[in-house]
Amino acid sequence: MADTHNDGSETDFDLTQFYQIFFEEAGENLDQMEQMLLNLDLDAANDEELNGIFRCAHSIKGGSATFGFTDVAELTHKMESLLDRLRRHEITPVPEMVDVLLESADASRSLLARHQAGGEGEAMSTAPAPAPVAAPAPVAAAVPGGVRHLRIKIGPVEVLESVESIKELFRDIPGLGSIEDLPCDEAQTRLFAVQTHSTDDDLLDLMAFHVAKEQVQITEQGAAAPLAAPAAAAVETADVAEVEAVAHQPAALPDAEAYGIFEGAPGAPALKPVAAAAKTTTRPNMAQMESTSIRVEVKKVDQLINLAGELVIIQAMLAQNSRALDPSANQQLLAGLADLDRNTRDLQEAVMSIRMIPMSTVFSRFPRMLRDLANKLGKKINLVTQGEATELDKGLVEKITDPLTHLVRNSLDHGIEMPEDRIAAGKSEVGTLTLAASHQGGSIVIEVRDDGKGMSREKILKKARERGMDVSDSMSDNEVWMLIFAPGFSTADVVTDVSGRGVGMDVVRKNIAALNGSVEIDSVQGVGMRVSIRLPLTLAIMDGMSVGVGEEVYILPLSSVVESFQVNAADVSTVAQGSQLVKVRDEYMPVIELERVFGVPRTPESKRSDIMVVVESDGSRVALLVDELLGQHQVVVKNLESNYRKVPNVSGATILGDGTVALILDTSSLVRRTR
């Protein structure tokens with residue numbers, strides 16, 4: 001299966017557009033993991049705490065593997081293995097385990113920071129990382145077994161007694177190694193012969209408690225040049241393999257080798273759980289993960305949007321009241337109101353964009369699902385996406401994903417035919433499934449279309465009768481199609497793990513109804529099927545045209561208005577059942593009298609309407625008969641259903657500049673009335 005653009009051209013799916021989201025979520029998971037580790041009660045760690053930490057590591061691992069960050073995936077996989085054994089109570093948590101997990105999290109953060117910077121910076125060593133990343137990188141002059149023979153020179157120091165403390169470290173820390181004095185002719189300088197498994201960075205960090213790093217030189221025995229130029233600014237961080245070694249150091253875990261916590265652990269214990277890679281998180285020149293966004297509670301955003309809406313209403317009131325002012329006497333005031341108008345518009349656009357998310361975020365979830373499902377069913381499918389840039393409220397995005405998933409699976413399972421059947425029907429063996437999003441008439445319409453076999457009216461009616469449903473052959477096609485949303489209804493002959501139980505479409509309708517939306521189905525047998533989800537506006541600020549009918553004011557979404565004109569009686573024709581058509585430039589279109597639709601009362605003095613406004617929706621046009629055009633302006637859309645109830649042909653309401661309430665008309669619903 002290939003992803004295609006609107007022009008049908010094939011293209012590889014670009015994951016880089018989601019990098020920033022991944023980095024931010026990974027950073028949050030690392031922060032959460034760190035906090036949970038710090039708060040972990042080792043004496044009474046409950047399953048929920050351990051499961052929470054495990055989920056953080058698992059999320060980072062899965063995302064890293066998806067985006068190709070194999071080093072992070074490898075490291076978090078090791079963390080996940082330890083956490084899995086902990087939560088299954090195969091081992092008992094000890095403080096050293098928490099140390100290793102915290103330092104591994106720091107190393108993961110460092111690796112992610114480098115990936116976020118495009119592989120630049122000093123988050124990790126500039127030396128090429130070994131591949132695969134499975135074992136600690138060998139150090140120079142290492143001998144079998146991993147024991148290093150070093151010559152360490154310390155000095156000059158004023159208080160040589162502090163050097164003695166270094167020797168005590170080797171005696172007090174199990175597994176650190178051995179240290180012996182060597183002859184030295186330099187004043188205030190000491191030489192030592194050291195055998196250890198530890199890295200130069202670990203030794204430097206350990207000795208830093210007693211002497212400055214600048215006073216320590218480490219060389220392999222027999223080497224002429226120093227292995228470590230120990231100036232603090234020159235200390236390099238561990239490479240990817242050393243980060244991996246964070247999860248391989250059994251000295252960090254008592255009896256770790258006996259537990260079998262980490263595969264491939266060296267036989268001899270290492271320095272201590274503090275790894276050089278983790279230490280780099282405090283160095284000022286290390287690449288840090290940068291956040292380009294902040295997380296804010298949805299309630300705070302909603303409050304901000306509401307306040308912006310109220311500001312727009314107040315601005316409209318001021319603008320209306322200022323019309324009666326003398327421009328010459330109030331020039332400065334009117335100029336300020338004009339600036340307020342402009343700034344209010346900019347503010348509301350910025351505020352409204354905070355909650356808006358492009359539909360590409362939703363559509364991007366389906367290519368992988370379709371590929372796997374098509375392979376499982378033995379079908380071939382191309383996915384076409386349209387309107388990916390169409391923005392939808394974040395709350396709706398989260399709630400519409402499950403219904404869309406049901407519809408997509410249904411189209412592939414029931415709609416798209418097997419390749420041989422498509423060829424026999426004169427079609428391409430590769431089916432096409434289209435996901436489209438658009439703004440129509442103040443609503444958001446999401447469509448799932450396929451070029452499959454469509455639905456069989458006879459088969460649906462037969463299944464409905466078998467279930468004892470009240471159906472008849474005189475039902476319209478739309479009424480028949482809606483039968484598939486009945487609970488438990490399915491036309492599948494065989495129940496599979498993909499579909500056939502009759503619960504998917506019922507769930508779709510319930511979820512969309514919970515969003516105060518609607519579902520429509522168009523199907524042509526042998527040609528294909530289209531399912532349209534129409535979601536109403538919850539809160540928005542839109543450009544509208546206000547029209548007057550009698551004493552009432554209605555708002556038309558400006559995006560739906562095509563034109564307006566004065567009508568001549570000779571151009572209007574009456575057809576069957578009293579319906580009217582108007583002739584506009586040799587084209588006839590239906591006429592809707594808003595006076596009749598909404599039952600607007602009229603006084604004897606009222607004049608007959610002679611102005612028509614042409615609106616367009618779903619590719620069709622109708623002419624609305626109104627009394628007058630009042631003007632164009634911004635309106636704050638309020639959800640009428642949550643404050644009152646659902647009103648036919650109305651998508652919302654707004655407050656006008658004079659404080660009165662006006663209804664916002666649903667032009668799509670008005671167009672459908674004429675079909």
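Below, each value reflects all heavy atoms present in this structure, side chains not excepted, and no hydrogens, waters or symmetry copies.
The distance from the CD atom of E520 to the CD1 atom of I533 is 11.0 Å, given to the nearest 0.5 Å. Taking CG of L435 as the reference point, atom OG of S360 lies at 12.0 Å (rounded to 0.5 Å). In this structure, CG on L370 lies 6.5 Å from CD1 on I381, to the nearest 0.5 angstrom. In this structure, the separation between NE2 on H439 and OG1 on T390 is 5.5 Å, given to the nearest 0.5 Å. Taking CZ of F565 as the start and CD1 of I611 as the end, the distance is 10.5 Å to the nearest 0.5 Å. Between atom CG of residue L404 and atom CZ of residue R365 there is a gap of 10.0 Å, rounded to the nearest 0.5 Å.
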- prompt: Run the side-chain contact (heavy atoms from CB on, under 4.5 Å) check on Q386 and E447 step by step: do they pass?
  reply: CA-CA 10 Å; Q386 299 172 349; E447 294 183 349; over 6 Å; no
task: Could you please spell out the steps behind the side-chain contact (heavy atoms from CB on, under 4.5 Å) verdict for D522 and N478?
output: CA-CA 7 Å; D522 291 325; N478 286 335; 4.1 Å; yes
M529/H414 under side-chain contact (heavy atoms from CB on, under 4.5 Å): CA gap, chis, key distance, verdict: CA-CA 10 Å; M529 174 177 170; H414 294 293; over 6 Å; no
- request: Test L625 against E595 for side-chain contact (heavy atoms from CB on, under 4.5 Å), laying out the working first.
  value: CA-CA 8 Å; L625 191 60; E595 174 187 349; over 6 Å; no
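Across all non-hydrogen atoms, the minimal contact from V661 to A653 is CG1-CB, 4.2 Å. Shown here for R449 and A436, the closest heavy-atom pair between the two residues is NH1-CB, 3.8 Å. Pairing each heavy atom of Q525 with each of M455, the nearest pair is CB-O, 3.7 Å. Here the closest non-hydrogen pair linking M33 and A57 is CE-N, 3.5 Å. Residues K379 and I416 come closest through the heavy atom pair NZ-O, 2.6 Å. The minimum heavy-atom distance linking S411 with L433 is given by the pair CB-CD1, 3.6 Å.
E24 and Q20 are linked by a side-chain donor-acceptor pair at a separation below 3.5 angstrom, with hydrogens and angles left out of the test.
Within the 4.5 Å cutoff, the side chain of L461 has heavy atoms near those of the L483 side chain. Annotation: side chain of V622 is not in contact with side chain of M589 (no heavy-atom distance under 4.5 Å). Side-chain contact between I484 and I521 is present, with heavy atoms from C-beta onward closer than 4.5 Å. For the pair M359 and V362, the minimum side-chain heavy-atom distance is below 4.5 Å. You'll find the side chain of I592 reaches within 4.5 Å of the side chain of V597, heavy atoms only. In this structure the side chain of F598 reaches within 4.5 angstrom of the side chain of N649, judged on heavy atoms. The closest side-chain heavy-atom distance from W481 to I460 is below 4.5 Å. Contact check for V650 versus D666: no side-chain heavy atoms found under the 4.5 Å cut-off.
Between the side chain of S64 and the main chain of I60, a donor-acceptor pair closer than 3.5 Å is present. Formation of a donor-acceptor pair under 3.5 Å by the N410 side chain with backbone atoms of H406 is not found in this model. For the pair D627 (side chain) and G550 (backbone), a donor-acceptor distance under 3.5 Å is present. The backbone N or O of S428 lies less than 3.5 Å from a partner atom in the side chain of R422, making a donor-acceptor pair. In this structure a side-chain-to-backbone donor-acceptor pair under 3.5 Å is present from S456 to K459. Remark: the backbone N or O of S476 is paired with a side-chain donor or acceptor of E479 at under 3.5 angstrom.
Within a 6.0 Å sphere centred on CD of E28, other residues, nucleotides and ligands contribute more than 12 heavy atoms. Within a 6.0 Å sphere centred on OH of Y588, other residues, nucleotides and ligands contribute 12 heavy atoms or fewer.
In summary, D473 and R457 do not engage in a salt bridge, as defined by a charged side-chain N under 4.0 Å from a carboxylate O. Under a 4.0 Å N-O distance rule, the pair E80/R87 does not qualify as a salt bridge. Salt bridge annotation for E417-K427: present, with a cationic side-chain nitrogen under 4.0 angstrom from a carboxylate oxygen.
For H77, the side chain to side chain donor-acceptor pair (under 3.5 Å) test picks out no residue, with sequence neighbours left out. Scanning for ring pair (Phe, Tyr, Trp, His ring centres under 6.0 Å) contacts around F485 gives an empty result, with sequence neighbours left out.
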